[in-house]
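Below is one structure, written out as structure tokens; comments come after it.
Labels below follow one simple rule: chain letters A, B, ... track the order of the sequence lines, proteins then strands, and each chain is numbered from 1.
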Protein chains: 2
Amino acid sequence: MATIKDIAREAGVGVGTVSRHLNGVTLKPQTARKVQDAIDRLGFTLNQVARGLKTNRTRTVGVVIPNFADIYGSTMVKYLERGLAEHGYGILVCDSSDNPVTEAEKVSQLLQRRVDALFLYPCSSNLSYLQRIPELAGPESKFPVLVADMKADGYLCDQVRTDNRDAARIAIRKLIADGHRRIGLISGPNGYFTAEERKQGYLEALEEGGISPEDSLMHMTPHFDEEGGKTALEAMLDATDPPSAVLACNYYTTLGAVQAVYDRKLCMPDELALIGFDNLGLSAMVRPALSILVQPMEEIGTEAARLLIRRMHGDREGFPVVLEMKANLLLKGST
Amino acid sequence: MATIKDIAREAGVGVGTVSRHLNGVTLKPQTARKVQDAIDRLGFTLNQVARGLKTNRTRTVGVVIPNFADIYGSTMVKYLERGLAEHGYGILVCDSSDNPVTEAEKVSQLLQRRVDALFLYPCSSNLSYLQRIPELAGPESKFPVLVADMKADGYLCDQVRTDNRDAARIAIRKLIADGHRRIGLISGPNGYFTAEERKQGYLEALEEGGISPEDSLMHMTPHFDEEGGKTALEAMLDATDPPSAVLACNYYTTLGAVQAVYDRKLCMPDELALIGFDNLGLSAMVRPALSILVQPMEEIGTEAARLLIRRMHGDREGFPVVLEMKANLLLKGST
DNA sequence: AACTGGATTGGAAACGTTTCCAATCCAGTT
DNA sequence: AACTGGATTGGAAACGTTTCCAATCCAGTT
């Protein structure tokens with residue numbers, strides 16, 4: 001492959017001149033032409049690895065997400081990539097398989113590859129491994145780290161996520177406005193940030209509505225999964241005083257809840273009003289169509305890109321920033 | 001950040017020795033200990049960019065897919081990443097937004113970043129831009145390129161994809177075995193490889209069953225989308241001699257078809273048997289549960305990783321290889 | 001104790017850029 | 001025609017590794 005030296009020789013100029021041309025410095029027109037001709041003639045392409053070594057910037061952001069096959073994460077990454085690509089940045093992505101150990105390993109691999117910043121969608125709120133990383137440790141670390149969808153207070157990073165409390169709150173408010181008083185919640189495990197925030201929003205909305213919470217109506221499923229969603233809804237329906245409305249707090253528990261509704265042949269919204277979470281495509285497949293809280297994945301990805309670009313350009317304004325984007329409540333036939 | 005020279009000085013050895021230690025060469029035990037101590041003491045991490053420049057290998061595979069937010073592509077990439085990571089390779093991913101021009105641009109950006117191989121999930125079967133790339137042009141190019149889910153005959157690359165003919169064939173065979181004679185097809189635009197292959201499989205199965213194809217039962221939707229799926233099914237149902245069974249050939253047309261079924265309040269499978277495509281999660285949301293052809297995304301990703309690893313290690317056996325993986329027909333209540 | 005030769009180690013050169021300083025160019029002035 | 005000084009250009013040094021050759025070490029032999 002042709003190098004800058006080959007171009008310099010071919011064009012009869014110095015390597016510095018070729019480099020300047022490649023970096024957008026305006027040369028004397030005839031010099032520029034000679035250089036460009038040589039580039040075209042030899043089919044030269046700049047070696048970004050060499051440039052990266054010299055400039056100490058790879059124009060690459062490291063991304064770690066728990067599961068690529070999950071629409072939520074992959075949609076965020078889609079818009080992250082789009083936003084970064086506009087500024088010439090690429091992404092090096094890793095799947096942590098929802099395993100905190102793998103997550104920490106992937107982060108250190110990415111740093112060995114000298115990414116310019118990290119986009120982390122962690123699988124737990126334990127980010128202590130960040131402290132053990134020399135580049136990141138110390139209060140004066142300037143290495144940009146952005147945490148998505150998870151609380152990272154106490155760590156030096158920006159955060160972008162859905163306003164989970166608000167999401168649950170607007171859903172529950174709507175159910176209360178529809179006259180429901182016994183409203184069930186299917187959320188995730190205690191200690192899991194988004195699960196707890198959504199529960200918090202639920203509690204706040206109940207309080208606003210003057211409804212006192214009942215333990216029997218709040219199910220913190222152990223794995224935030226389909227099975228848990230189904231079991232939780234069945235348990236509530238089997239209890240002595242079943243709910244007339246339920247909010248399922250993620251995609252998988254929504255799947256499970258819908259199945260319980262089908263199995264019991266309940267008619268929505270009359271026998272049970274249901275609001276699901278996350279997956280828009282799903283909504284239309286349920287009859288009546290499922291009302292759903294849609295997280296602003298595009299916005300999160302786009303804002304994350306914008307913020308990371310700023311940080312990589314040295315703008316530390318407002319650091320550390322916490323951006324909470326509002327979810328959208330799409331009302332359909334199930335409420 | 002500490003470099004290999006700092007380690008050499010700190011440990012009182014030469015840089016070559018440190019390099020050898022880092023590359024797994026066994027040193028004299030006490031030398032190894034001195035080096036390791038220095039590494040630990042200074043918190044050294046190897047600069048992979050510098051290594052990449054010297055070795056001319058980045059241990060990175062470039063990935064271009066049309067839409068990250070699409071479960072099909074992102075699941076393939078998940079398993080691709082997993083398979084490559086086992087061998088120390090990372091992936092640099094780009095979303096082409098289903099745009100052939102962007103696709104070509106992303107490919108050349110990836111090559112500037114000196115990826116060791118390319119995983120391409122192209123948005124059209126026109127891969128002519130590959131020829132214009134100096135690294136890839138010429139019959140003797142050794143640069144590994146793998147094309148997923150698309151025909152790339154005539155280009156020098158390996159191919160891994162679903163056996164689309166077989167997929168459609170087994171679905172139609174099943175419908176024929178169930179006694180259906182009038183079977184509809186909802187596929188994608190002519191000229192679109194997977195759409196045509198699936199149609200081909202449909203035709204083959206009809207022929208086996210001694211059924212002559214009818215144009216009015218074959219709908220090649222212009223965009224392979226939800227709208228097209230719905231419209232196509234409605235058109236078939238409104239025709240004088242409607243089908244008793246239908247195969248929708250991708251996720252989006254399946255969504256559309258299911259909606260048409262709902263709107264007309266048809267009872268599956270009695271009034272219409274339906275087989276969908278791609279999205280497993282969807283199946284359980286439809287009642288009766290939707291029979292579905294599930295593409296072997298995990299297998300494709302895993303096999304692609306295996307093949308790319310081999311190619312990057314210089315093994316050219318069987319080049320160019322075409323791997324067609326069998327889809328899985330999951331039978332549920334809708335047939 | 002001196003020698004031998006395989007094992008181990010040291011360190012220069014190189015990978016392909018960028019950047020800085022010095023050298024050269026050349027339009028405008030005298 | 002000679003001079004001036006800003007604009008342009010040339011090219012050495014450096015980024016942090018790997019690798020090769022040469023130098024050193026040292027266990028085993030004499």
Side-chain angles (χ1 to χ4, degrees), chain A residues 1-39 42-60 88 108-116 134-135, chain B residues 1-39 42-60 88 90 109-116 134-135:
Chain A
M1 292 221 46
T3 74
I4 234 179
K5 286 180 192 166
D6 299 321
I7 302 303
R9 193 177 338 104
E10 179 83 7
V13 301
V15 289
T17 304
V18 178
S19 174
R20 280 185 286 267
H21 179 73
L22 292 167
N23 287 286
V25 176
T26 4
L27 308 177
K28 231 168 62 177
Q30 62 163 331
T31 316
R33 190 159 20 77
K34 278 192 297 181
V35 173
Q36 189 57 50
D37 285 355
I39 288 174
L42 303 190
F44 168 82
T45 60
L46 183 68
N47 184 330
Q48 296 281 6
V49 175
R51 170 184 276 179
L53 173 61
K54 184 65 198 175
T55 61
N56 207 24
R57 307 184 64 233
T58 52
R59 295 195 149 253
T60 305
S108 67
Q109 285 167 19
L110 289 169
L111 291 168
Q112 285 210 358
R113 287 164 176 277
R114 297 297 188 266
V115 293
D116 294 338
E135 294 89 323
Chain B
M1 290 221 50
T3 74
I4 233 178
K5 286 180 193 166
D6 300 320
I7 302 302
R9 193 177 338 103
E10 178 83 6
V13 302
V15 289
T17 304
V18 179
S19 175
R20 280 185 287 267
H21 179 74
L22 292 167
N23 286 288
V25 176
T26 2
L27 308 177
K28 228 168 62 179
Q30 61 164 330
T31 316
R33 192 159 21 78
K34 279 192 295 182
V35 173
Q36 190 57 50
D37 285 353
I39 288 173
L42 303 189
F44 168 83
T45 61
L46 183 69
N47 185 329
Q48 296 281 6
V49 175
R51 171 183 277 177
L53 173 61
K54 184 63 199 178
T55 61
N56 207 23
R57 308 183 64 233
T58 52
R59 296 195 146 253
T60 304
Q109 285 167 19
L110 289 169
L111 291 168
Q112 285 210 359
R113 287 165 177 276
R114 296 297 188 265
V115 293
D116 294 337
E135 295 88 320

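We find that CZ of R20(A) is positioned 8 Å from P of dG10(D), with the value rounded to whole Å. One can place CE of M1(B) at 15 Å from P of dC15(D), the figure rounded to the nearest angstrom. For the pair I4(A) CD1 and dT19(C) P, the interatomic distance rounds to 11 Å; values are reported in whole Å. Rounded to an integer number of Å, the gap from R51(A) CZ to dC15(D) C1' is 14 Å. Taking atom CG on N23(B) and atom P on dC20(D), their separation rounds to 12 Å, with Å as the unit. If you take CZ of R57(A) and P of dT17(C), they are 18 Å apart, rounded to a whole angstrom. Protein atom CZ of R9(B) is 20 Å distant from nucleotide atom P of dT9(C), rounded to whole Å. Taking atom CD1 of residue I7(A) and atom C1' of nucleotide dT18(C), one finds them 16 Å apart after rounding to whole Å.
Within 4.0 Å of L27(A), counting heavy atoms only, lie sugar-phosphate atoms of the nucleic acid but no base atom. At a threshold of 4.0 angstrom between heavy atoms, the contacts of L46(A) are confined to the sugar-phosphate backbone, with no base atom among them. Within 4.0 Å (heavy atoms only), N56(B) reaches no atom of the nucleic acid at all. Among the atoms of the strands shown, only primed sugar atoms or phosphate atoms (P, OP1, OP2) are found under 4.0 Å from some heavy atom of T55(A). Residue contacts for V13(A): at a heavy-atom cut-off of 4.0 Å it reaches the sugar-phosphate backbone alone, with no base atom in range.
Comparing T17(B) and Q30(A), the nucleotide of DNA chain C nearest to each residue sits closer to the 5' end for T17(B). Taking for each of S19(A) and K54(B) the nucleotide of DNA chain C with the nearest heavy atom, the 5'-most of the two is the partner of K54(B).
With a 4.5 Å cut-off on side-chain heavy atoms, V18(A) and F44(A) do not count as touching.
For the pair N47(A) and dC15(C), the criterion of a side-chain N or O lying under 4.0 Å from OP1 or OP2 is not met. Neither OP1 nor OP2 of dT8(D) sits under 4.0 Å from any side-chain N or O of T31(A). Between K28(A) and the phosphate of dC26(C), there is a side-chain N or O to OP1/OP2 separation shorter than 4.0 Å.
The distance from atom CZ of R51(B) to atom CG of L53(B), rounded to the nearest 0.5 Å, is 13.0 Å.
Of the nucleotides present, dC21(D) is the one that pairs with dG10(C) by Watson-Crick or G-U wobble criteria, both distances under 3.5 Å. Base pairing of dG16(D): its partner is dC15(C), meeting the Watson-Crick or G-U wobble criterion (both donor-acceptor distances under 3.5 Å). Across every strand in view, dT4(D) sits in a pair with dA27(C) that passes the Watson-Crick or G-U test at under 3.5 angstrom.
Shown here is D37(B), whose CG atom has more than 12 heavy atoms of other residues, nucleotides or ligands within 6.0 Å.
S19(B) places no side-chain N or O within 3.5 Å of a backbone atom of V15(B) that could act as its donor or acceptor partner. With R113(B) contributing its side chain and T58(A) its backbone, the two residues share a donor-acceptor pair below 3.5 Å.
For the side chain to side chain contact (heavy atoms under 4.5 Å, CB included) with R20(B), the lone residue among T26(B), T31(B), L27(B) that qualifies is L27(B).
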